[in-house]
Number of protein chains: 4
Amino acid sequence: MTDLTRHERRKLDTRRRLLEAARQVIAARGYEATGVLDITEAADVSKGTFYLHFKDKEDLTRVLIHEGFEELRQRVDPYLTANRTLGQIKEAIRAVFHYSAENRDLFRLMLGHQASAELNLMAINYYAEFVEHLLRQEGTAGRTSALQSELVAQFVAGAGVRLGLWWIEDDHGLSPDEMADFLFQFLTEGMSNVISVAGLDTGTL
Amino acid sequence: MTDLTRHERRKLDTRRRLLEAARQVIAARGYEATGVLDITEAADVSKGTFYLHFKDKEDLTRVLIHEGFEELRQRVDPYLTANRTLGQIKEAIRAVFHYSAENRDLFRLMLGHQASAELNLMAINYYAEFVEHLLRQEGTAGRTSALQSELVAQFVAGAGVRLGLWWIEDDHGLSPDEMADFLFQFLTEGMSNVISVAGLDTGTL
Amino acid sequence: MTDLTRHERRKLDTRRRLLEAARQVIAARGYEATGVLDITEAADVSKGTFYLHFKDKEDLTRVLIHEGFEELRQRVDPYLTANRTLGQIKEAIRAVFHYSAENRDLFRLMLGHQASAELNLMAINYYAEFVEHLLRQEGTAGRTSALQSELVAQFVAGAGVRLGLWWIEDDHGLSPDEMADFLFQFLTEGMSNVISVAGLDTGTL
Amino acid sequence: MTDLTRHERRKLDTRRRLLEAARQVIAARGYEATGVLDITEAADVSKGTFYLHFKDKEDLTRVLIHEGFEELRQRVDPYLTANRTLGQIKEAIRAVFHYSAENRDLFRLMLGHQASAELNLMAINYYAEFVEHLLRQEGTAGRTSALQSELVAQFVAGAGVRLGLWWIEDDHGLSPDEMADFLFQFLTEGMSNVISVAGLDTGTL
DNA sequence: AATGAATGAGGGTTCATTCAT
DNA sequence: GATGAATGAACCCTCATTCAT
C-alpha cells in the first residue's frame, strides 16, 4: 500500500508527465532544439512547474537516461547467472535489440548523442559499464587486466551502439534477433569470413 | 603558380584564421556552447567578418569536417592499392590512429558528436563511407551484398570511432600502433581469445 | 463587470504602458528610428516583455493606429445622423481638428507617414474610408458613382491630412475651429474667392 | 563644348549611374528597405565607390528629389507668364500629371513619403513652395496674407499629391488631363456640386 | 577614381529562469 | 503545488561606413 496523500500522488503524477512529454518531444526534435516550453506544453503544465521538479533541462534528461539504463538492465539481468555462458550473452544481446525496438525514442536519446556533451559522456559511460557488466565473469578478477576489459568494453559498446542506431532508423527488413546474432557473430568470430569473402589477400599478414 | 592578388591572399588568410580558431574553440567548448563571437575573438577578427566568409556557424563547421576527412583520406590512400591485402588495411588503420593523435581537436569535432544533429549525421556518413572505401576490394562486386557490407561498415566504424575517442581522451599509455593493432586483431579474429580468457563457458553455444 | 484576475489586469496594464510609451517615443523619434529597446525603456519594462505582448514593432504600431481611428470615429459619430446636413459635417470636421490637437503624437503617427510602407498604406486607407463614412449619405446610392466618390474621398483626405499635419506642427495662432471652418469653406466653395483676390485673370477660362 | 577629361566624364558617368540605379531600386523596394549595396550592385559599381560620390544614402536621395523638382518646374514654367490666368494654371496642372505619369518611380519617391522623415519634410516643403510658385501672382503682395497663401498652398498640395499618388498606383482608366481637370474643378469650384448631388441638406448652414 | 575586405555598432529575437500571486 | 508574466543575458545577423590597396 503506497500511503501517499493526494498531494503527493498529484506531484508524482506531474513529474511523470513531464518525463514522458520530454521523452517524446526530445526524441522528435532533438535535445538542443527542444525548449523547456516545448516540454511543459506537451505535458500540459505551466512553465514554472518544470522548475519545481527539475533543476533544468539537463537534470530532467539525466533522469530520463538513468531510467532507460535501469530498465535495460532489468531486461537483461534475468539472462545473466553468476556462471554465465556465451549462450546467455547472446540472449542478453537479443534482449537489448528487443528493448531498443520497443523504445526507439528513448534509445536514440540515450545513445544517439543528441544530448549535451556532458550527458553524452554520461550515457556512453553508462553503456560501457553496462557492457562490462554483461561480459564480467565472477571469479575471474585478475585474469584480464582492467585496461584490457575496458578496451573490450569500448569496442563492444561502440560497435553495438552504432549497429543499434543504424537499425532503429531503418531496419532494412532485419529482425531484432537477426541483428543480435549478426553482432554476436562478429564479436566472437571477427570478420575473417566476411573479409575473406571480400577477396582480401591474407597471405602477407 | 599562385596567381592570387594580395587582396585575395589576404582574404584566404582571414578565412583560414577563422577555421583554425573555430577548430580550437569548438573542440574546447563544444559546438553548441560556442558562439560566433567566441570564434571571431579567437581569430582576432571582427564579428561581421565571419559572415563575409561563412553563412553561419554550421557552414564553417561543415567545411572543417569536410577538410578533416579529406586529409584523413590522403593519409590513408597511399596504403591502399587496387589489390589490397590485410596487411595494407592494418597499415591504414595505423595511419588513422596517427592522424587522430596529431589532430585531436579536429578528430573530436569530426566524430565526437559534438556538432549539430545534421553535422553529426554528415560526419557519421562520411566515416561509414570512409570505412567502406577502406574495405572495398575491386573485382568482388556481388560477392558480398550491399546490405552485408553496410552492416560491416557500421560495425567497424562504430568500434573504431569509439576506441579512437576513448584513446585520445586518455591514451592509458598505449601507442597509436598498439591501438591500431588491437583494433585490427579484434576485427579480424573477434574476441574469442579475450572471452575464453575471461572464463566464459562456450560449451552451450 | 471587469471579471479579470489580478494577473490579467496586471498584464493588460503592462500592455497599455507599452502602447503609451511607443506612442510617445515613436512620435518623438519616428517609426524607423525607434528601436524596440527605446520603447521598453520608456515603458520601464524589459526587452523580452515586449515580445510577450506584441509580435514585433509593426504589430504594436498597427494596434496604435487602429485604436486611434476607433477613437476618432467615436468622437465624430455623434454628429452624424442618418440624414445628415452640411452643418453636421462641419461639426464633424471641427471634432477632427479638436481630436488632432489633443492627440498630436498619435495623429502624427497615424497620418504623418512615419511608419512603414505597409502601415502607411493601412492608415491612408483607414482615413479615406473614414472620409467616405463622413460624406456618405444614406439613400443616395447610385447618385454618385463609386469612382467619383473615391476621387472625392482622396481629395478631401489629402487636403485635410495635410492641413492637419501642418497645423499641429505649428498652429500659427489658429484655433481648431478656425482650421475646420477654413477647410470646410474651401471644400464647399473652392478657392475662387482666394484666387480672385490673388488677382488671377479668370477671363480666359 | 564640354571640355572634360576622360577622367571627369567617367566620374560624372558613375555618379549618374548611381543616381539612376538608386531611383529604380528605391522605387521598387522603398527607401528604408534599400541598402547601399542594393544600389551599388544595380549600378554595377563597388560599394566603396558610393561614398566617393555621396555622403550617404540620404544625401543621394536628396539629390534625386531635388532633381525631380527641378525637372518638374522646368516642365511647368513655360505655362506661367508674369500675368497668369486660370487657364494657364490649368495647363500647369495638366503638365504635372503628365510628368507624374512619365516618372512614376521618381514621383513616388518625391511625394510618396517613402523616404526618411527628414527627406519627406523636405519634399513636402518643396512641393508647397512649388504650389505657391504656381499660384503666386506678381504685384499682388499684401493682397493675401502670407498665412493665407500658406494655408492655400498646403490645401492644394495635400489634395494634389494624394490624387496624384492614388492615380499613378492605378489610373482607373482616367487620362492625365482628366485627372488634372478634375482637380482643377474641385479647387476652383469646391465640391458643392458633388455634395448637393449626394443629397446633403444644405438648409441648416 | 575605384575597389572590396574588414569593421563593429546595433538591430530583432529567443528562452532559461525567477517570483509574486 | 501550480501558475504564467516578467526578466535580461545572450544569440545571430545586417549593414552603413572606412581604408589600405
Side-chain angles (χ1 to χ4, degrees), chain A residues 5-15 33-41 44-58, chain B residues 5-15 32-38 40 43-58, chain C residues 5-15 32-40 43-58, chain D residues 5-15 33-40 44-58:
Chain A
T5 66
R6 187 170 341 155
H7 232 168
E8 288 166 327
R9 261 184 281 118
R10 177 78 191 279
K11 184 172 180 183
L12 279 176
D13 181 54
T14 301
R15 183 184 150 92
T34 298
V36 170
L37 189 61
D38 298 316
I39 296 170
T40 55
E41 272 175 0
D44 197 24
V45 159
S46 88
K47 211 171 3 162
T49 301
F50 182 93
Y51 294 92
L52 243 42
H53 295 274
F54 302 100
K55 192 179 146 292
D56 52 25
K57 192 175 49 159
E58 180 152 344
Chain B
T5 66
R6 194 171 335 169
H7 238 164
E8 288 164 327
R9 263 182 278 124
R10 176 88 185 271
K11 186 170 186 180
L12 280 176
D13 179 55
T14 300
R15 183 184 150 95
E32 292 285 354
T34 299
V36 171
L37 191 60
D38 297 318
T40 54
D44 198 23
V45 157
S46 89
K47 200 168 21 157
T49 301
F50 182 92
Y51 295 94
L52 219 55
H53 294 273
F54 303 100
K55 195 178 144 292
D56 51 27
K57 192 175 49 159
E58 179 152 347
Chain C
T5 66
R6 195 170 333 169
H7 237 162
E8 287 165 327
R9 262 181 280 123
R10 175 87 186 271
K11 187 170 186 181
L12 280 176
D13 181 55
T14 301
R15 183 185 149 93
E32 291 285 355
T34 299
V36 171
L37 190 61
D38 298 317
I39 296 170
T40 55
D44 198 22
V45 158
S46 89
K47 198 158 43 144
T49 300
F50 182 92
Y51 294 94
L52 219 56
H53 294 273
F54 302 99
K55 196 180 142 289
D56 52 26
K57 192 175 50 159
E58 179 152 346
Chain D
T5 66
R6 189 170 338 154
H7 232 170
E8 286 166 329
R9 261 184 280 121
R10 178 79 189 278
K11 183 172 181 183
L12 279 176
D13 181 53
T14 300
R15 183 184 151 94
T34 299
V36 171
L37 189 62
D38 298 316
I39 296 170
T40 54
D44 198 23
V45 159
S46 90
K47 216 184 340 176
T49 301
F50 182 92
Y51 294 92
L52 243 40
H53 294 274
F54 303 100
K55 191 178 148 291
D56 51 26
K57 192 175 49 158
E58 180 153 343

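Chain letters run A, B, ... following the sequence lines, proteins first and then strands; every chain starts at 1. These figures come from a predicted structure and were not determined experimentally.
For E:dA6, the OP1/OP2 oxygens have a side-chain nitrogen or oxygen of B:H53 closer than 4.0 Å. Using a 4.0 Å cut-off, no side-chain N or O of B:T14 falls inside it from OP1 or OP2 of E:dA5. Distances shown here put a side-chain N or O of D:S46 below 4.0 Å from the OP1 or OP2 atom of E:dT3.
Judged purely by atom type and a 3.5 angstrom limit, B:K57 uses its side chain to pair as donor or acceptor with the backbone of B:T34.
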Handout entry: Derivation of the side-chain contact (heavy atoms from CB on, under 4.5 Å) call for A:T49 and A:H53
Key = CA-CA 7 Å; A:T49 301; A:H53 295 274; 3.9 Å; yes
Handout entry: side-chain contact (heavy atoms from CB on, under 4.5 Å) evaluation trace for C:R15 with C:L12
Key = CA-CA 5 Å; C:R15 183 185 149 93; C:L12 280 176; 4.3 Å; yes
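Residues passing the side chain to side chain contact (heavy atoms under 4.5 Å, CB included) test with D:L37 are D:T40, D:E41, D:K47, sequence neighbours excluded.
Out of F:dA2, F:dA6, E:dG8, the shortest distance to the side chain of A:L52 is found at F:dA2. Distances were taken from every side-chain heavy atom of C:V45 (C-beta onward) to each of E:dA2, F:dT7, E:dT3; the shortest belongs to F:dT7.
The two residues D:D38 and D:G35 have their closest heavy-atom pair at OD2-N, 2.8 Å. Taking both residues in full, the closest heavy atoms of A:F50 and A:V36 are given as CG-CG1, 3.7 Å, listed atom of the first, atom of the second, then distance.
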Handout entry: Nucleic acid footprint by protein, nucleotides 11-21 of chain E - heavy-atom cut-off 4.0 Å, B for base, S for sugar-phosphate alone
Key = -BBB-BBB--S
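Here E:dT3 presents its P atom at 15 Å from CD of B:E8, a figure rounded to the nearest Å. The nearest whole Å value for the distance from the CZ atom in C:F54 to the P atom in F:dA5 is 14 Å. Summarising the geometry, the separation between CD1 on D:I39 and P on F:dA16 is reported as 8 Å, rounded to the nearest angstrom. Regarding C:R9, its CZ atom lies at a distance of 17 Å from the P atom of F:dG4, rounded to whole Å.
Stem analysis of DNA chain E (Watson-Crick or G-U pairs, both distances under 3.5 Å, runs of at least three) returns E:2-21 with F:2-21.
For the atom pair CD of C:E8 and NZ of C:K11, the computed distance is 9.0 Å after rounding to the nearest 0.5 Å. Atom CD of A:E58 is separated from atom CZ of A:F54 by 13.5 Å, given to the nearest 0.5 angstrom.
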